[in-house]
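What's counted below: heavy atoms across the whole structure, side chains too, no hydrogens, waters or symmetry copies. For reference, positions follow the sequence shown, starting with 1.
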Amino acid sequence: MNCIICKSKLAKSRINHILDNMGRIVIIKNVPANVCGQCGEYYVDNDTAMRLEAIAQELLNNKAEILVLNYNELVA
């Protein structure tokens with residue numbers, strides 16, 4: 001699989017996914033992704049994207065402004 005932006009090869013890795021929704025920030029650590037070694041762009045598979053969406057929706061109902069979570073602990 002190649003990067004859409006720079007066409008370099010992607011490698012499996014773990015990233016910190018950062019969401020900013022109207023000034024409320026959610027950081028989800030250790031998310032599995034395919035990462036470009038050249039430009040740093042990352043891509044998550046559909047299952048992971050759906051999980052991230054569900055996690056974000058649940059957390060944005062919280063009144064906290066900054067949340068940091070570990071993906072491994074949320075999906076285990």
Side-chain angles (χ1 to χ4, degrees):
M1 183 180 245
N2 291 333
C3 177
I4 294 172
I5 295 175
C6 72
K7 310 297 185 225
S8 290
K9 295 255 185 222
L10 301 177
K12 291 190 182 290
S13 188
R14 295 211 172 247
I15 52 96
N16 293 331
H17 184 68
I18 301 170
L19 306 167
D20 184 347
N21 184 300
M22 297 186 303
R24 296 171 66 200
I25 299 169
V26 176
I27 300 170
I28 305 172
K29 302 182 336 179
N30 296 314
V31 177
N34 291 310
V35 180
C36 178
Q38 182 169 319
C39 73
E41 187 71 15
Y42 67 87
Y43 307 88
V44 296
D45 63 30
N46 288 340
D47 186 46
T48 302
M50 296 299 284
R51 287 182 177 168
L52 288 172
E53 180 73 24
I55 291 166
Q57 277 304 124
E58 183 178 332
L59 293 173
L60 290 173
N61 292 331
N62 187 322
K63 299 299 182 196
E65 289 188 30
I66 299 175
L67 296 164
V68 180
L69 305 142
N70 190 319
Y71 184 83
N72 293 336
E73 294 172 4
L74 295 170
V75 298

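Taken from SG in Cys6 to CD in Gln38, the straight-line distance is 4.0 Å, to the nearest 0.5 Å. One finds the CE atom of Met1 at 12.0 Å from the SG atom of Cys36 (value rounded to the nearest 0.5 Å). Of the inter-residue distances, the one linking Ile25 atom CD1 with Asp20 atom CG reads 5.0 Å to the nearest 0.5 angstrom.
For the pairing with Ile15, the side-chain contact (heavy atoms from CB on, under 4.5 Å) check across Val31, Ile28, Asn30 returns one residue only, Val31.
At least one side-chain heavy atom of Ile4 sits under 4.5 Å from a side-chain heavy atom of Tyr43. The side-chain heavy atoms of Pro32 and Val44, taken from C-beta on, include no pair separated by under 4.5 Å. Residues Lys9 and Asn2 form a side-chain contact, since some pair of their non-hydrogen atoms from C-beta on lies under 4.5 Å apart.
In terms of the side chain to side chain contact (heavy atoms under 4.5 Å, CB included) criterion, residue partners of Lys29 (sequence neighbours excluded) are, by chain and number, Asn16, Ile27, Val68. Not counting sequence neighbours, the partners of Asp45 by the side chain to side chain contact (heavy atoms under 4.5 Å, CB included) test are Asp47, Thr48.
No side-chain donor-acceptor contact under 3.5 Å links Tyr71 to the backbone of His17.
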Cut-off 3.5 Å, no hydrogens considered: what does the side-chain donor-acceptor table look like for residues 52-59, sequence neighbours left out?
none

